[in-house]
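Shown next, in structure tokens, is the structure this report addresses.
Positions are given from 1 along the sequence. All values reported here derive from a predicted model rather than from experimental measurement.
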Amino acid sequence: MSYKNYPMVSRVVFGRGSFNQLNEILSPKRLNTKAPFIFLVDDVFKGNAWLTSRIPLSYEDKLLYISAAEEPKTSQVDALVEEIILTHKERPSGIIGIGGGTLLDLAKAVSIMLTNKGESKDYQGWDLVKNPAIYHVGIPTISGTGAEVSRTTILTGPQRKLGINSDHTPFDQVILDPELTQGVPKDQWFYTGMDCYVHCIESLNGTYLNAFSQSYGEKALALCKEIFLEGSLDVQESADKLMMASWHGGMSIAYSQVGVAHAMSYGLSYLLGVKHGVGNCIVFEHLEEYYPEGVAMYKAMREKHNISIPQNICANLTDKEFDIMIDVSLSLEPLWENAIGKNWKNIITRQKLKELYQKM
Ligand code: NAD
Ligand code: ZN
């Protein structure tokens with residue numbers, strides 16, 4: 001038996017207003033005046049001087065606004081890398097992602113692809129990245145995915161939606177400033193927050209569970225209950241705690257895996273472009289059979305906050321389209337093995353998945 005030896009985020013700063021320290025954190029990392037910092041920023045912040053005026057641009061540094069309307073694609077990563085290579089003589093000093101899981105994953109993937117040959121689709125999978133990425137920094141502006149702490153960057157490629165899981169993926173630096181999450185719309189707050197909640201339920205109820213994952217998962221779940229169910233926190237406490245719940249939820253799945261909800265929501269996302277947070281909610285509504293207590297608590301949270309979840313999104317799909325989703329879902333073997341156990345193939349049949357998708 002050999003145990004995995006995981007890298008972690010090397011440095012992290014936490015606190016309201018810690019974003020103000022960006023310049024002092026980055027300055028020592030500048031390689032030279034021709035090696036720029038490239039800031040990938042969610043375009044929801046375009047024109048938002050409160051945030052953007054604090055992004056320190058000097059020499060040949062570049063700020064690129066990127067829409068989070070769609071989840072990151074391998075083609076998008078390759079195009080960004082090409083643009084960066086063509087417009088700068090030297091390799092960048094660093095890539096800084098500012099936004100939700102979408103921007104954080106883009107920053108990770110771009111930093112990897114600047115030092116590794118070929119196309120990003122060739123690195124989707126486990127431990128395929130050869131060269132260390134360039135220095136990369138993650139600054140979340142919405143909490144829940146755990147992308148700020150994870151060892152993966154999830155990309156939709158021509159064949160599949162799959163992460164680049166590697167020792168070179170985690171951020172070198174993360175800035176956790178809960179103030180940055182203040183403008184998140186309520187529905188989105190719930191959807192992305194539920195990503196964290198679902199990470200906890202899937203990790204804590206999985207066959208891969210161990211004391212490492214459990215300790216983080218239990219803490220994240222307790223925080224989610226405080227935030228989404230008990231409702232005794234003020235706005236700032238709630239935002240601070242959700243940022244830490246996201247971190248702990250991400251740490252919990254580092255040493256285990258996610259489960260049924262993620263395996264199925266990847267199918268929805270691949271075929272229909274449903275985004276990760278809301279996709280998990282759509283699926284989780286129908287998973288009582290696998291996570292009875294987790295689903296009951298989820299429904300109580302959803303009702304408490306009066307959130308509506310899209311219905312009947314699979315109503316008009318063809319058999320061929322169901323097959324595509326089922327193929328994507330079944331290909332995620334570690335998720336099923338974690339959720340159901342080694343004999344999962346006898347239990348999770350194509351027919352079973354089709355029946356579940358038909359309810360969504
Ligand atoms: P997101 O990044 O897609 O953003 C969701 C929405 O919130 C967008 O419209 C965005 O513009 C908006 N937004 C973000 N911050 C805001 C703010 N402060 N104010 C107002 N609006 C704001 O959402 P997400 O749920 O954080 O990320 C989903 C992505 O994360 C998916 O692509 C998923 O695959 C990925 N993901 C990655 C990991 C990982 O470990 N790498 C884990 C889970 C999910
Ligand atoms: Zn997730």
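- Grouping the Ile, Leu, Val, Met, Phe, Trp and Tyr side chains by contacts below 4.5 angstrom, directly or via other members, places Met8 with Met243.
- Looking at Lys161 and Glu71, a side-chain N of the basic residue comes within less than 4.0 Å of a carboxylate O on the acidic one, giving a salt bridge.
- The backbone N or O of Tyr255 lies less than 3.5 Å from a partner atom in the side chain of Ser213, making a donor-acceptor pair.
- Under a cut-off of 6.0 angstrom, the local environment of CG in Asn306 is sparse, with at most 12 non-hydrogen atoms contributed by other residues, nucleotides or ligands.
- For Arg16 and Asp177, the salt-bridge test fails: no basic side-chain N is under 4.0 Å from an acidic carboxylate O.
- When atom types are taken as modelled, the side chain of Glu202 and the backbone of Gln257 share no donor-acceptor pair closer than 3.5 angstrom.
- With hydrogens and angles left out, the side-chain atoms of Glu90 and Asn32 include a donor and acceptor closer than 3.5 Å.
- A distance-only check finds a donor-acceptor pair linking the side chain of Ser53 to the backbone of Ala49 [under 3.5 Å].
- Asp323 contributes atom CG, which lies 11.0 Å from atom CG of Leu317 (distance to the nearest 0.5 angstrom).
- Under the salt bridge (Lys or Arg N to Asp or Glu O under 4.0 Å) rule, Asp327 has a single partner from Lys354, Arg350, Arg160, Lys320, which is Arg350.
- Salt bridge Glu70/Lys275: absent, no basic N to carboxylate O contact under 4.0 Å.
- Closest non-hydrogen pair, Ala339 versus Tyr291, comes out as CB-OH, 3.9 Å.
- Closest of all the heavy-atom pairs between Gly138 and Phe171 is N-CD2, 3.3 Å.
- In Glu230, the CD atom is crowded: over 12 heavy atoms of neighbouring residues, nucleotides or ligands sit closer than 6.0 Å.
- Under a 3.5 Å cut-off, the side chain of Glu321 and the backbone N or O of Thr318 do form a donor-acceptor pair.
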Item to complete: Decide yes or no on salt bridge (Lys or Arg N to Asp or Glu O under 4.0 Å) for Glu337 and Lys345, but give the supporting numbers first.
Response: CA-CA 9 Å; Glu337 189 178 300; Lys345 285 183 181 160; over 6 Å; no
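- Under the 30°/60° scheme for interplanar angles, the aromatic rings of Phe190 and His305 are found to be tilted.
- Other residues, nucleotides and ligands place more than 12 heavy atoms under 6.0 Å from the CZ atom of Phe14.
- Taken from CG in Asn205 to CG in Leu209, the straight-line distance is 8.5 Å, to the nearest 0.5 Å.
- For the residue pair Glu83 / Thr87, no side-chain donor-acceptor distance below 3.5 Å is found, with atom types taken as modelled.
- The hydrophobic cluster containing Leu162 also contains Val283, counting ILVMFWY residues as joined when their side-chain heavy atoms lie under 4.5 angstrom apart, directly or transitively.
- No side-chain donor-acceptor contact under 3.5 Å links Thr52 and Lys46.
- Side-chain atoms of Glu60 do not come within 3.5 Å of backbone N or O of Ala35 as any donor-acceptor pair.
- Counting heavy atoms from C-beta outward, Lys108 and Ser150 have side chains that approach closer than 4.5 Å.
- Counting only N and O atoms by type, the side chains of Ser120 and Asp78 include a donor and acceptor under 3.5 Å apart.
- Taking the ring centroids of Phe228 and Trp189, they lie under the 6.0 Å cut-off.
- Listed here is the closest heavy atom pair of Ile282 and Pro310: CG1-O, 4.0 Å.
- Under a 3.5 Å cut-off, the side chain of His88 and the backbone N or O of Ile84 do not form any donor-acceptor pair.
- A donor-acceptor pair under 3.5 Å links the side-chain atoms of Asp61 to the main chain of Phe37, judged by distance alone.
- Hydrophobic clustering (ILVMFWY, side-chain heavy atoms < 4.5 Å, transitive): Leu287 and Leu332 are in one cluster.
- A donor-acceptor pair under 3.5 Å is formed between the side chain of Ser246 and the backbone N or O of Gly144.
- Two residues are said to be in side-chain contact when any heavy atoms from C-beta on lie closer than 4.5 Å; Val137 and Ile25 fail this criterion.
- Under the 4.5 Å side-chain criterion, counting only non-hydrogen atoms from C-beta, Pro56 is in contact with Phe39.
- With a 4.5 Å cut-off on side-chain heavy atoms, Lys299 and Glu285 count as touching.
- Atom CG of residue Asn280 and atom CG of residue Leu268 lie 9.5 Å apart, to the nearest 0.5 angstrom.
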Item to complete: Walk me through it: do Val41 and Ile66 pass the test side chain to side chain contact (heavy atoms under 4.5 Å, CB included)?
Response: CA-CA 6 Å; Val41 181; Ile66 296 177; over 6 Å; no
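- Salt bridge Glu226/Lys241: present, at least one basic N to carboxylate O contact under 4.0 Å.
- Shortest non-hydrogen contact noted between Leu233 and Ser238 is CD1-CA, 3.9 Å.
- In this structure, OG in Ser265 is found 9.0 Å from CE in Met360, a value given to the nearest 0.5 Å.
- Contact detail for Ala220 and Ala245: the closest heavy-atom pair is CB-O, 3.6 Å.
- Atom CD of Glu288 is surrounded by more than 12 heavy atoms from other residues, nucleotides or ligands within 6.0 Å.
- Partner Ser18 forms a side chain to side chain contact (heavy atoms under 4.5 Å, CB included) with one of Val13, Ile139, Val12, Leu176 and no other, that one being Val13.
- Ser27 contributes a side-chain N or O that, together with a main-chain N or O of Asn23, makes up a donor-acceptor pair within less than 3.5 Å.
- No side-chain heavy atom of Lys219 sits less than 4.5 Å from a side-chain heavy atom of Gln214.
- Checked by atom type, the side-chain pair His262/Asp195 shows a donor-acceptor distance below 3.5 Å.
- Note that the CG atom of Asp105 and the CD atom of Gln76 stand 11.0 Å from one another [nearest 0.5 Å].
- No continuous path of ILVMFWY side-chain contacts below 4.5 Å connects Leu106 to Leu180, so the two sit in separate hydrophobic clusters.
- Considering only heavy atoms from C-beta on, Asp127 stays 4.5 Å or farther from Asn165 through its side chain.
- The aromatic rings of Phe284 and Tyr197 sit perpendicular, their planes meeting at an angle over 60°, well past the 30° parallel limit.
- Using a 4.5 Å cut-off on side-chain heavy atoms (C-beta onward), Thr156 and Thr74 make no contact.
- Side-chain atoms of Ser256 and Ser203 include a donor-acceptor pair closer than 3.5 Å.
- Contact record, Tyr123 with Lys117: OH-O, 2.6 Å, taken as the closest heavy-atom pair.
- At a threshold of 4.5 Å between non-hydrogen side-chain atoms, the residues Glu148 and Val9 do not count as touching.
- Taking the six-membered ring for Trp and thresholds of 30 and 60 degrees, Tyr266 and His276 have ring planes more than 60 degrees apart, a perpendicular arrangement.
- For the atom pair Leu104 CG and His136 NE2, the distance stands at 10.5 Å (nearest 0.5 Å).
- Arg91 and Thr115 share no donor-acceptor pair across their side chains, judged by distance under 3.5 Å alone.
- Taking 4.0 Å as the cut-off between side-chain N and carboxylate O, Lys4 and Asp167 do not count as a salt-bridged pair.
- In this structure, the side chain of Ser67 does not engage the main chain of Asp43 through any donor-acceptor pair within 3.5 Å.
- Note on Val278: it clusters hydrophobically with Leu242, by side-chain heavy-atom contacts below 4.5 Å among ILVMFWY residues.
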